Novice: 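Input: one structure, supplied below.
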Amino acid sequence: MLPLVIGDAHAVIGAGADAVMVARGRLVEAVRRLEQRDHPRWLVTSAGAVLRTVAGAGVTVARCWDVAEAHRILHGGWAADPPRVWASLNALDPSSLPTRPGGDLFDFFDDGSSVPDDPASPLRADGHLRVDAFEPSWALGEARLRGLADLLLEVGRRQEAALAHVGPRAVRTAHSESAAALLCVELERDGLPVDRAVAEELIAGSAGRRPGSDAEAAAIRAERDRAVLVHAPGRESTDLRNPLQVRELLAAVGVRVPNTRAWVLEPFRGTHPLVEALLQWRKDERIATTYGYRWLDEHVGPDDRLRGGWTACDGAAGRMTAQNGLHNLPAPLRPAIAARPGHVFVRADLGQIEPRVLAVVSGDRAFAEATRADDLYAPVAAKLSIDRPVAKIAVLAAMYGQRSGSAGEALKDLERAYPVAMRLLDDAYAAGVGRGALRTFGGRRIALGATLAAGEPSGPPVDGAEAQAVDSARGRFARNAVIQGSAAELFKAWAATVRHAVAPSGAEIVLCLHDELLVHAPESSAAEVRRLVVSSLTASARRWTGSDRVRFVVDTSVIHRWSEAKG
DNA sequence: GATTTCACGTA
DNA sequence: CGTACGTGAAATCC
């Protein structure tokens with residue numbers, strides 16, 4: 001691990017007697033040279049904070065140790081600022097963590113600064129790390145920078161030791177999660193290629209022409225509303241954007257519903273033309289508001305690339321997240337995602353990743369046997385002597401926990417046929433209910449309680465039924481997090497492998513979507529990139545699982561637009 | 001002005 | 001067939 005700390009005028013590379021000071025203006029060149037010569041694993045507080053400028057200058061860093069990502073694996077959750085990492089490594093009370101001075105005058109008395117600190121040390125008198133220790137405002141001068149580099153190296157080494165203690169794969173998980181963090185920096189830098197003309201056309205189809213003024217915008221909106229309100233004579237003043245008013249409107253035409261969500265209204269499509277018009281209006285309104293002209297203008301750059309922020313892991317199970325619609329672009333807009341002239345997309349998505357991951361995590365030999373098939377539900381159905389659709393629903397119900405519908409008999413058969421896999425799911429559920437310790441296959445801690453606050457009733461006392469609902473929600477969350485989080489680890493290991501493998505072909509990953517990769521490649525190297533994407537899966541799955549017992553499958557296609565069919 | 005609720009897009 | 005995430009508009013809280 002080679003520490004890299006960037007200060008205000010200088011950066012320091014290395015630690016102890018080997019530390020080298022580099023002027024900020026020469027940093028990029030220094031990193032480029034070391035990368036070529038030594039291929040180091042750069043040790044950074046976070047890839048996003050430290051390596052963005054380097055990546056921005058076009059220097060590709062192959063490997064790093066991202067202290068924040070390592071912390072998230074060790075402890076779960078999302079908060080991973082340097083003082084928190086330091087506190088957890090040194091068993092300091094997290095409730096006494098230093099806070100960033102805000103507008104509050106009392107912060108002045110409350111951030112530990114009332115105790116005189118050693119001006120050369122980033123540590124406060126109470127042992128906590130300063131909030132701003134690694135920021136240019138404090139990281140100035142050679143002595144401080146050298147001190148930070150030494151401290152960073154200690155942090156990295158102790159994290160590595162702690163992860164080695166967690167399990168056999170956790171250190172490697174830190175490596176691939178760090179690589180994912182590097183990939184996130186590059187995804188933000190490079191963006192997703194957009195065919196602007198097509199995007200404008202598709203938006204116009206839903207949102208109408210581009211308005212030239214606020215008044216025109218209001219007129220176009222009213223026009224859109226009229227297609228619905230024409231079905232409700234006498235109630236033309238209804239605000240379609242107000243769910244309560246919409247509910248009253250529906251009641252007036254005889255449709256009584258508890259709420260106006262699309263799946264609630266779906267069965268009433270045929271009962272009154274208003275319903276059909278409203279559902280179509282909702283789709284158009286979604287594009288007009290969220291993916292309309294403003295979205296295009298704000299997030300698609302002059303180079304016709306759609307950009308948003310990326311994070312390597314969310315706070316719950318560890319999936320990647322993306323902003324500005326990169327992860328939830330409506331299917332009708334996908335024709336606008338198009339490869340540049342002379343380029344293609346190599347699109348690759350993992351097939352049935354979650355049940356296959358269940359086979360890995362649980363170590364169920366019989367279930368692993370089913371993953372030999374391209375379609376794993378086929379052998380499961382054969383073993384249980386049931387139809388494939390029933391087998392599929394049973395497996396999904398077992399993994400995610402059903403509350404409605406019934407997989408009934410098939411679920412019991414599943415228990416008998418694959419007891420090891422089913423046991424793992426039950427254990428995860430129980431750990432969730434009992435707030436027990438839980439980790440993904442790669443060793444990421446699943447934080448129970450911290451992230452689950454949203455869906456839970458916030459009122460103080462809960463009755464028995466409510467308490468039980470909270471428990472079962474926690475159980476389902478835990479069961480899902482083990483599978484989803486482990487799948488996310490395999491996905492990121494694969495993505496990191498692909499990132500390296502396709503780079504010599506002049507190709508780059510431009511989108512990661514949980515089980516799907518979009519690689520932008522020169523047309524001439526399409527076949528090679530496609531081959532590499534597949535071989536990267538074989539290699540990373542073998543590394544991740546430690547064997548070839550469970551098979552993973554990937555569907556690839558070479559396309560010009562994201563919307564084009566698979567195959 | 002900040003937070004919550006509703007709704008809905010993706011996997 | 002459940003979980004997760006990000007986004008916008010309106011309502012609600014402070």
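Since we're looking at a predicted model, the values are computed, not measured.
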Novice: Could you pull out all donor-acceptor pairs under 3.5 Å where a side-chain atom in residues 356-363 of chain A meets a protein atom, sequence neighbours excluded?
Specialist:
| from | atom 1 | to | atom 2 | distance (Å) |
| --- | --- | --- | --- | --- |
| A:R356 | NE | A:G351 | O | 3.1 |
| A:R356 | NH1 | A:T371 | O | 2.9 |
| A:R356 | NH1 | A:R551 | O | 3.0 |
| A:R356 | NH2 | A:Q352 | OE1 | 2.9 |
| A:R356 | NH2 | A:A373 | O | 3.2 |
| A:R356 | NH2 | A:D374 | O | 2.9 |
| A:S362 | OG | A:L358 | O | 2.7 |
| A:S362 | OG | A:D364 | N | 3.3 |

Novice: Please report, rounded to the nearest Å, how far the C1' atom of C:dC1 is from the CD atom of A:Q352.
Specialist: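 Going from A:Q352 (CD) to C:dC1 (C1'), I get 15 Å.
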
Novice: Over how many whole Å does the gap from A:Q484 atom CD to B:dA11 atom C1' extend?
Specialist: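 Nearest whole value for this atom pair: 8 Å.
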
Novice: Among residues at least two apart in sequence or on other chains, which ones pass side-chain hydrogen bond (donor to acceptor under 3.5 Å, both in side chains) with A:R416?
Specialist: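 A:R416 satisfies side-chain hydrogen bond (donor to acceptor under 3.5 Å, both in side chains) with A:D413 once adjacent residues are dropped.
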
Novice: Taking salt bridge (Lys or Arg N to Asp or Glu O under 4.0 Å) as the test, write out the residues that go with A:D375, two or more places apart.
Specialist: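 Only A:R388 meet the salt bridge (Lys or Arg N to Asp or Glu O under 4.0 Å) criterion with A:D375.
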
Novice: Without decimals, in angstroms, what is the distance between A:D284 CG and B:dC8 C1'?
Specialist: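 From A:D284 CG to B:dC8 C1': 14 Å.
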
Novice: Mind calculating the distance between CG (A:L240) and C1' (B:dC6) to the nearest angstrom?
Specialist: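 So the two atoms are 15 Å apart, to the nearest Å.
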
Novice: Please collect all salt bridge (Lys or Arg N to Asp or Glu O under 4.0 Å) contacts where either partner lies in residues 510-519 of chain A, sequence neighbours excluded, each pair once.
Specialist: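 Sorted result for residues 510-519 of chain A: A:R347-A:E516.
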
Novice: Which pairs, with at least one residue in residues 306-334 of chain A and sequence neighbours excluded, count as a salt bridge (Lys or Arg N to Asp or Glu O under 4.0 Å)?
Specialist: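 Matches after skipping sequence neighbours: A:D303-A:R307, A:R319-A:E354.
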
Novice: Rounded to whole angstrom units, what separation is found between the NZ atom of A:K283 and the C1' atom of C:dG8?
Specialist: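 In whole Å, C:dG8 C1' lies 17 Å from A:K283 NZ.
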
Novice: With a 4.0 Å heavy-atom cut-off, tell me which residues in residues 318-333 of chain A come close to DNA chain B, sorted by residue number.
Specialist: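 Here the set is A:R319, A:H327, A:N328, A:L329, A:P330, A:A331.
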
Novice: Suppose we screen for side-chain hydrogen bond (donor to acceptor under 3.5 Å, both in side chains). Which residues come up paired with A:W281, at least two apart in sequence or across chains?
Specialist: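 Scan of A:W281 (side-chain hydrogen bond (donor to acceptor under 3.5 Å, both in side chains), adjacent residues dropped) gives A:D225.
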
Novice: Distances under 3.5 Å only, N/O to N/O: pair up the protein atoms with those of nucleotides 9-11 of chain C.
Specialist:
| from | atom 1 | to | atom 2 | distance (Å) |
| --- | --- | --- | --- | --- |
| C:dA11 | OP1 | A:N242 | ND2 | 2.6 |

Novice: Nearest whole angstrom, please: distance from the C1' of C:dG2 to the CG of A:L396.
Specialist: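 The distance from CG of A:L396 to C1' of C:dG2 comes to 9 Å, rounded to the nearest Å.
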
Novice: Identify, with sequence neighbours excluded, every residue that meets side-chain hydrogen bond (donor to acceptor under 3.5 Å, both in side chains) alongside A:H560.
Specialist: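 With sequence neighbours excluded, A:H560 shows a side-chain hydrogen bond (donor to acceptor under 3.5 Å, both in side chains) to A:E523, given in chain and number order.
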
Novice: Consider the side chain of A:T290, meaning its heavy atoms from C-beta on, and name the nucleotide among C:dG8, B:dA7, C:dC5 that approaches it most closely.
Specialist: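 It is C:dG8.
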
Novice: Do A:S176 side-chain atoms and A:T173 backbone N/O form a donor-acceptor pair below 3.5 Å?
Specialist: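 Pair found, side chain donor or acceptor close to backbone of A:T173.
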
Novice: Mind calculating the distance between CH2 (A:W263) and P (B:dC8) to the nearest angstrom?
Specialist: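 Atom-to-atom, A:W263 to B:dC8, this comes out as 7 Å.
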
Novice: Output the residues of residues 246-260 of chain A in contact with DNA chain C, where contact means a heavy atom of the residue under 4.0 Å from an atom of the strand; sort by number or write none.
Specialist: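 Correct list: empty, so none.
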
Novice: Distance check needed: B:dA11 P versus A:L511 CG, whole Å only.
Specialist: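 Nearest whole value for this atom pair: 10 Å.
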
Novice: Looking at B:dC8, C:dC1, C:dC5, which one has an atom nearest to any side-chain atom of A:R261?
Specialist: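 For A:R261, the side-chain atoms sit closest to B:dC8.
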
Novice: With sequence neighbours excluded, give me every salt bridge (Lys or Arg N to Asp or Glu O under 4.0 Å) pair touching residues 205-215 of chain A.
Specialist: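 Counting only pairs at least two positions apart or across chains, the salt bridge (Lys or Arg N to Asp or Glu O under 4.0 Å) contacts touching residues 205-215 of chain A are A:E200-A:R210, A:R209-A:E216, A:R210-A:D297.
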
Novice: Who passes salt bridge (Lys or Arg N to Asp or Glu O under 4.0 Å) against A:D304, sequence neighbours left out?
Specialist: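 If we apply the salt bridge (Lys or Arg N to Asp or Glu O under 4.0 Å) test to A:D304, skipping adjacent residues, the hits are A:R196.
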
Novice: What pair of heavy atoms forms the shortest contact from A:A232 to A:L274, and how long is it?
Specialist: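 Heavy-atom minimum between the residues: CB-CD1, 4.5 Å.
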
Novice: Have a look at A:A262 and say if it touches a base, only the backbone sugar-phosphate, or nothing, with a 4.0 Å heavy-atom cut-off.
Specialist: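 Sugar-phosphate, no base atom in range.
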
